[in-house]
Amino acid sequence: MLRFQNTLTNQVEEFRPMREGEVGMYICGPTVWSHAQIGNFRSFVFGDILRRYLEFKGYNVTHVMNITDVEDRIIAFSVEKGLTIDEYTAEYIAALWEDWDALGLKRPTIVPRATQHIAEMVSIIEKLEAHGHAYRSDDSVYYRINSFPEYGKLSKINFAGNIAGASERVDTDRYDKEDARDFALWKGAETPDEPAWDSSLGRGRPGWHIECSAMSTKYLGETFDIHAGGIDLVFPHHENEIAQSEGATGKQFVRYWLHAEHLKVEGETMSKSRGNYYTFRDLRGLGYSPTAIRYYLLSVPYRKQLNFTFEGLRAAETTVERLQDFRKRLKEARVEPGKNEEVHQAMTRALMEFEAGLDDDLNTSVALAALHNLMREVNTALRDYTVLEDNKRELLELLDRFDSVLNVLGHDEAAMLDAEVQALIDERQEARRRRDFARADEIRDQLSAQGITLEDTKDGVRWKRR
RNA sequence: GCACGUGUCGCCAAGUCCGGUCUAAGGCUACGGUCUGCAACACCGUCAUCGCCGGUUCAAAUCCGGCCACGUGCUCCA
């Protein structure tokens with residue numbers, strides 16, 4: 001039984017989609033003002049695991065992710081560079097997909113962009129006005145929070161304490177709002193040059209929150225199953241989305257709200273000012289493999305803060321290599337016909353534990369432990385030649401199933417060596433047979449210098465690139 | 001000020017919602033060993049009573065109270 005911790009109810013609940021076998025899921029995507037950083041990717045990896053596990057469970061998932069391509073920073077930077085919004089964001093959107101694919105993330109089913117859904121946003125704002133949830137002030141339109149008594153039901157935020165205590169940070173005088181909590185639905189254009197759209201609301205641009213209300217509803221319906229994102233979005237973004245969507249439709253907006261915790265870097269918040277801010281590209285530039293990064297980001301359950309350290313990333317690198325080696329070793333293993341009951345049982349147990357872990361609010365740590373335990377048992381059996389033909393087939397199938405969720409076991413790269421290297425390996429084998437170990441070690445060192453590690457096994461020489 | 005998160009072996013980290021199966025999963029590292037011509041790989045073994053104090057209970061890492069430490073958020077940052 002699949003269960004999720006629902007931010008809305010603050011409880012672990014059994015997941016039951018609205019329509020049997022179908023899941024509509026919206027995940028808040030990036031604002032493309034810059035390259036996405038590893039914290040963003042933790043959220044995306046979480047979303048990917050969520051989606052893949054739902055598919056593992058047999059659901060047909062419609063996965064929608066927005067790209068926010070109109071926003072204050074984007075406007076500021078594009079103006080600075082003398083580019084249009086589209087020109088400015090194109091580079092970052094291209095980079096996003098590059099990173100996305102490298103990390104083994106499935107592309108969302110639908111990827112709506114804010115700038116292409118202005119009309120839908122305007123339409124929701126008009127509905128809100130009609131229902132008394134919105135008002136105009138100067139050239140902008142604001143949400144009237146007093147008109148939505150349920151405001152705060154997601155974040156359970158205590159306004160009395162919060163706003164009062166942080167009063168110096170709330171600049172209530174800057175805008176002519178009825179209430180400090182009210183937020184902009186539509187921002188009137190202040191200068192003739194800034195990016196703006198003409199609409200029934202006047203010339204301007206949408207507020208930040210409205211795009212997600214508009215686009216999720218358009219593609220998933222007025223009520224849908226899952227809405228997920230980073231924990232920082234709970235307030236105000238998701239709270240405001242609820243106010244907007246439910247204010248406009250009068251129906252429940254989202255049934256399950258899931259939020260991923262932030263990651264820390266070496267125990268501290270990642271921020272540019274601390275100098276511990278990393279994009280995915282930074283890590284790749286430092287030589288870390290995308291799979292290790294993916295493994296690391298998914299190794300801690302999504303609702304736990306993940307303390308990102310380079311030591312941890314190196315550990316992930318080692319672990320991923322072990323896992324990938326394991327699959328390869330199994331694939332190459334020569335086996336006798338038949339089926340070993342013990343190995344079969346180890347496999348059944350691993351599948352049970354894997355599924356039980358992920359069923360429990362996507363506890364990836366438990367799922368990985370199941371995989372590691374299986375690996376150890378099978379490695380032992382391989383060493384003893386007690387893995388039989390049926391076991392091997394079953395095991396490879398199981399690893400593929402696991403990997404349909406984890407996507408870290410790697411694919412079979414064409415194992416090609418150039419003739420020269422192959423000749424050296426052959427020569428070394430010949431030297432070993434002559435017990436000319438000096439020459440054999442010399443060749444091994446030489447290959448090692450080229451990044452090729454040799455492993456002598458009973459069944460011949462294995463090699464791998466570092 | 002208000003709200004929240006975290007504190008479990010050298011490091012990372014599961015378990016805490018629903019107390020017992022937890023002298024505590026798993027990973028990395030270290031050390032010892034098996035294997036090996038030597039290595040590498042793989043395997044085996046060794047390494048914790050769960051921040052502190054008190055309480056509830058037959059039973060607490062898990063519940064309650066207090067305290068300490070670290071971190072974060074408080075309107076556009078995943």
Side-chain angles (χ1 to χ4, degrees), chain A residues 5 10-12 27-31 36-44 46-47 68 71-73 155-167 169-171 180-184 207-209 228-237 239-240 259-264 267-271 295-296 299-301 303-309 311-319 321-323 325-326 329 353 357 360-361 363-373 375-377 379-384 432 435-437 440-441 444-445 448 453-458 462-464:
Chain A
Q5 167 86 26
N10 240 333
Q11 280 181 330
V12 179
I27 296 184
C28 279
T31 301
Q37 33 85 356
I38 52 175
N40 298 111
F41 283 114
R42 191 209 184 179
S43 291
F44 300 150
F46 149 61
T68 299
E71 182 260 358
D72 287 354
R73 284 168 303 187
S155 57
K156 284 100 188 156
I157 200 155
N158 171 354
F159 286 99
N162 262 312
I163 302 299
S167 58
R169 302 193 51 166
V170 179
D171 188 358
R181 301 175 303 168
D182 291 351
F183 58 92
W208 173 40
H209 314 293
I231 192 163
D232 56 317
L233 296 177
V234 173
F235 185 84
H237 186 56
E239 193 69 65
N240 290 353
H259 291 98
E261 254 297 345
H262 279 190
L263 60 72
K264 299 186 288 185
E268 294 183 318
T269 290
M270 177 167 66
S271 70
Y295 181 93
Y296 193 25
S299 66
V300 177
R303 291 198 311 110
K304 286 272 205 172
Q305 287 186 358
L306 183 159
N307 186 17
F308 186 94
T309 65
E311 197 186 340
L313 185 51
R314 280 192 296 273
E317 202 80 61
T318 308
T319 304
E321 197 180 318
R322 250 168 73 77
L323 287 168
D325 265 10
F326 165 58
R329 187 179 309 117
E353 289 171 3
D360 183 16
D361 198 22
N363 192 327
T364 43
S365 293
V366 168
L368 288 174
L371 173 58
H372 282 113
N373 285 330
M375 173 168 73
R376 195 183 56 248
E377 287 167 311
N379 270 331
T380 301
L382 283 171
R383 182 197 61 190
D384 300 338
R432 291 180 69 215
R435 305 190 68 77
D436 179 1
F437 297 121
D441 291 350
R444 187 167 62 196
D445 290 346
S448 173
T453 306
L454 297 185
E455 294 171 10
D456 300 329
T457 73
K458 288 191 182 71
R462 298 182 74 223
W463 61 272
K464 63 184 174 192

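Side-chain atoms are counted along with the backbone in the values below, which use heavy atoms only and exclude waters and symmetry mates. Every chain is numbered from 1 and lettered A, B, ... according to where its sequence line falls, protein lines coming before strand lines.
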Under 4.0 angstrom, heavy atoms only, what part of the nucleic acid is Arg432(A) near: base, sugar-phosphate, or nothing? base
Below the 4.0 Å mark, does rC43(B) have OP1 or OP2 next to a side-chain nitrogen or oxygen of Arg322(A)? yes
Using a cut-off of 4.0 Å on non-hydrogen atoms, how would the nucleic acid contact of Asp456(A) be classed: base, sugar-phosphate, or nothing? base
So Phe183(A), base contact, sugar-phosphate only, or nothing? Heavy-atom distance under 4.0 Å. nothing
Assign Pro30(A) to base, sugar-phosphate, or nothing according to its heavy-atom contacts below 4.0 angstrom with the strands shown. nothing
Classify the nucleic acid contact of Leu263(A) as base, sugar-phosphate or nothing, counting any heavy atom under 4.0 Å across all strands shown. base
What is the nucleic acid contact for Asp441(A), judged by heavy atoms within less than 4.0 Å: base, sugar-phosphate only, or nothing? base
Could you check whether His237(A) gets within reach of a base, just the sugar-phosphate, or nothing at all, counting any heavy atom under 4.0 Å? nothing
Judged by modelled atom types alone, do Thr31(A) and Glu71(A) share a side-chain donor-acceptor pair under 3.5 Å? no
For rA48(B) versus rA25(B), give the span between their C1' atoms, rounded off to a whole number of Å. 14 Å
Answer with base, sugar-phosphate or nothing: what part of the nucleic acid does Gly312(A) contact at a heavy-atom distance below 4.0 Å? nothing
Quick one: label Asn307(A) by what it contacts on the DNA or RNA (base, sugar-phosphate, nothing), any heavy atom closer than 4.0 Å. sugar-phosphate
Can His262(A) be classed as stacking with the base of rA78(B), given a centroid separation cut-off of 5.5 Å and a plane angle cut-off of 30°? yes
Between Val300(A) and Arg42(A), is any pair of side-chain heavy atoms under 4.5 Å apart? yes
Looking across every strand, which nucleic acid part, if any, lies under 4.0 Å from Arg376(A) by heavy atom: base, sugar-phosphate, or nothing? sugar-phosphate
With sugar-phosphate meaning primed atoms plus P, OP1 and OP2, does Asp325(A) contact a base, only sugar-phosphate, or nothing at under 4.0 Å between heavy atoms? nothing
Determine the contact category for Glu71(A): base if any of its heavy atoms lies under 4.0 Å from a base atom, sugar-phosphate if only primed atoms, P, OP1 or OP2 are that close, otherwise nothing. sugar-phosphate
So do Tyr295(A) and Leu368(A) actually touch side chain to side chain, heavy atoms under 4.5 Å? yes
Expressed as a whole number of Å, how far does the C1' atom of rG26(B) sit from that of rA14(B)? 7 Å
Find out whether Arg303(A) and Asp361(A) are in side-chain contact, i.e. whether some heavy atom of one side chain is under 4.5 Å from a heavy atom of the other. yes
Applying a 4.0 Å non-hydrogen cut-off, can you work out what Leu454(A) is touching in the nucleic acid: base, sugar-phosphate, or nothing? base
